[in-house]
There are 2 protein chains.
Amino acid sequence: MTARPAAQPPERLRRLPSRLLTRTAAQVQRLVAEGLGEYRTHHYALMAAAAELGPASQAALGQACGMDRSDVVAALDDLTARGLVRRAPDPADRRRNTVVLTGDGERALHELDARVQEVQQRAFSPLTPDERAVLADLLARVNRHHAEAE
Amino acid sequence: MTARPAAQPPERLRRLPSRLLTRTAAQVQRLVAEGLGEYRTHHYALMAAAAELGPASQAALGQACGMDRSDVVAALDDLTARGLVRRAPDPADRRRNTVVLTGDGERALHELDARVQEVQQRAFSPLTPDERAVLADLLARVNRHHAEAE
DNA sequence: GCCGACTGTTGGCAGCACCAACGAATTCGT
DNA sequence: ACGAATTCGTTGGTGCTGCCAACAGTCGGC
């Protein structure tokens, strides 16, 4: 070993809040992905939305999850293929598909809920409960500020 | 207008710290990307590393920026094509390329520094300076925790 | 001198976030 | 009532970021 210079990130990057934010998000996202196993975040988001909204159109689900219509299609294709969700044309508005969670879908969602909660613990384990709350609050305010501006 | 149901995200997602983190990061990242204009974050990171490390190998730059060797190659290809960086074989170790910032590169970096700083202001504008410091500290601790575990 | 490790390079993949266009269906404006 | 504008699902792309595998050339330790 030739006495590595420690390879510290450049000063400008180390002090850059946006970088800290995106890199930490990437680390946590990686943990989440591992926790979700065979599912993607899109799958979990849509199942959660379907469970809470009840029968809803794809557009409604997409809007609730903040995802693009085309990505909703792809994710629902996966979920229907696994029998976790049913897509049926809405008789009241034939443009729409009514999406509902199947029994298997509900079971899968509960399972994922557990896995996701477990990951939250590990992801933010360096912080006390109070600190986690502070972090969530600060992030929520930043998030909201940028979301409000459409 | 037909009284939109507000399309609030599902409860489970709204309360999910990891989601808050990743979505906020995405919002901020978008601002950064706009601020960087014709450059990517990789470009800025590498130029910053090159400026602070002085003449260095691609491997050293990549390690400093936490990016993959292959991505370093691609980004440096862009930067050399724009004349912002020079790649020369290291006579002391012919495996390596010595990378240095050109005059144009330094000027471009200064310009980007300014743009990036301006973006930080806008990105975290809902927070007071104290709160920004708290946020940075919390993120840094989470970040460090996951980084230490290799 | 050999073998293992490192370097740059190529080429690939996955996830997430987008965007454009299209046909079918519905709603709005008048 | 009827044409225009809008909505919905779908298809098929794009870009950025973060990876990984393989390979040839080079170097270091033994």
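What you see is a predicted model; the values in this text were computed from it and never measured. Both backbone and side-chain heavy atoms feed into the values below; hydrogens, waters and symmetry mates do not. We name chains A, B, ... by the order of the sequence lines, and we start the count at 1 in each one.
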Hey, does the side chain of [X] come within less than 4.0 Å of [N]'s phosphate (OP1/OP2), counting only N and O?
X: A/Gln58; N: D/dT10; value: yes
X: A/Gln29; N: C/dG15; value: no
X: A/Arg30; N: D/dC19; value: yes

Within this structure, what is the [atom1]-to-[atom2] distance between [X] and [N], rounded to whole angstrom?
X: B/Arg19; N: C/dC16; atom1: CZ; atom2: C1'; answer: 12 Å
X: A/Leu61; N: D/dT10; atom1: CG; atom2: P; answer: 12 Å
X: A/Gln27; N: D/dT17; atom1: CD; atom2: P; answer: 17 Å
X: B/Leu36; N: D/dC16; atom1: CG; atom2: P; answer: 12 Å
X: A/Asp77; N: C/dG15; atom1: CG; atom2: C1'; answer: 17 Å
X: A/Glu38; N: C/dG15; atom1: CD; atom2: P; answer: 13 Å
X: B/Glu34; N: D/dG15; atom1: CD; atom2: C1'; answer: 14 Å
X: A/Gln63; N: C/dA17; atom1: CD; atom2: C1'; answer: 17 Å

Mind checking whether [X] and [Y] have side chains closer than 4.5 Å, heavy atoms only?
X: B/Leu21; Y: A/Leu21; answer: yes
X: A/Arg115; Y: A/Leu36; answer: no
X: B/Leu101; Y: B/Leu84; answer: no

### Message
Can you tell whether the side chains of B/Glu11 and B/Arg15 come within less than 4.0 Å, N to carboxylate O?
### Response
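Judged by the 4.0 Å cut-off on N to carboxylate O distance, B/Glu11 and B/Arg15 do form a salt bridge.
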### Message
Taking A/Glu111 first and then A/Arg107, would you say they form a salt bridge - that is, a charged N and a carboxylate O separated by under 4.0 Å?
### Response
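Salt bridge between A/Glu111 and A/Arg107, a charged N being under 4.0 Å from a carboxylate O: no.
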### Message
Using a heavy-atom cut-off of 4.0 Å across all strands, would you classify A/Arg40 as base, sugar-phosphate, or nothing?
### Response
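Here A/Arg40 touches the backbone only, sparing every base.
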### Query
Using a cut-off of 4.0 Å on non-hydrogen atoms, how would the nucleic acid contact of A/Arg69 be classed: base, sugar-phosphate, or nothing?
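Base contact - A/Arg69 has a heavy atom under 4.0 Å of at least one base atom.
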### Query
Which residue, A/Arg95 or A/His42, contacts DNA chain C at a nucleotide closer to its 5' end, judged by nearest heavy atom?
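Closest to the 5' end, via its nearest nucleotide, is A/His42.
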### Query
Between B/Thr22 and B/Asp68, which is nearer to the 5' end of DNA chain C once each is assigned its nearest nucleotide?
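Counting from the 5' end, the first nearest nucleotide belongs to B/Asp68.
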Side chain of [X] only, heavy atoms from C-beta on: which candidate in [options] is closest?
X: A/Asn97; options: D/dT10, C/dC16, D/dT17; value: D/dT10
X: A/Arg87; options: D/dT10, C/dA17, D/dG9; value: D/dT10
X: A/Ser70; options: C/dC6, D/dG9, C/dC18; value: C/dC18
X: A/Arg23; options: C/dC16, D/dG18, D/dT10; value: D/dG18

### Query
In terms of hydrophobic clusters joined by side-chain contacts under 4.5 Å, are B/Leu127 and A/Val134 together?
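Yes, B/Leu127 connects to A/Val134 through the hydrophobic network.
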### Query
Among residues 109-122 of chain B, which contact DNA chain C at a heavy-atom distance under 4.0 Å?
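Of all residues in residues 109-122 of chain B, none places a heavy atom under 4.0 Å from DNA chain C.
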### Message
Can you tell me whether the side chain of B/Asp71 and the base of D/dC19 have a donor-acceptor pair closer than 3.5 Å?
### Response
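Flag set: donor-acceptor pair detected.
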### Task
Apply side chain to side chain contact (heavy atoms under 4.5 Å, CB included) to the pair B/Leu16 and A/Gln117, showing each step before the final yes or no.
CA-CA 8 Å; B/Leu16 210 53; A/Gln117 285 307 316; 4.0 Å; yes
### Message
Nearest heavy atom decides the nucleotide; on that basis, is A/Ala26 or A/Ala59 closer to the 5' end of DNA chain D?
### Response
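First, find each residue's nearest nucleotide; the 5'-ward one identifies A/Ala59.
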### Message
Less than 6.0 angstrom from the centroid, inside 45 degrees of the normal: does A/Arg82 satisfy that with respect to the ring of A/Tyr39?
### Response
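Yes, a cation-pi geometry holds between A/Arg82 and A/Tyr39.
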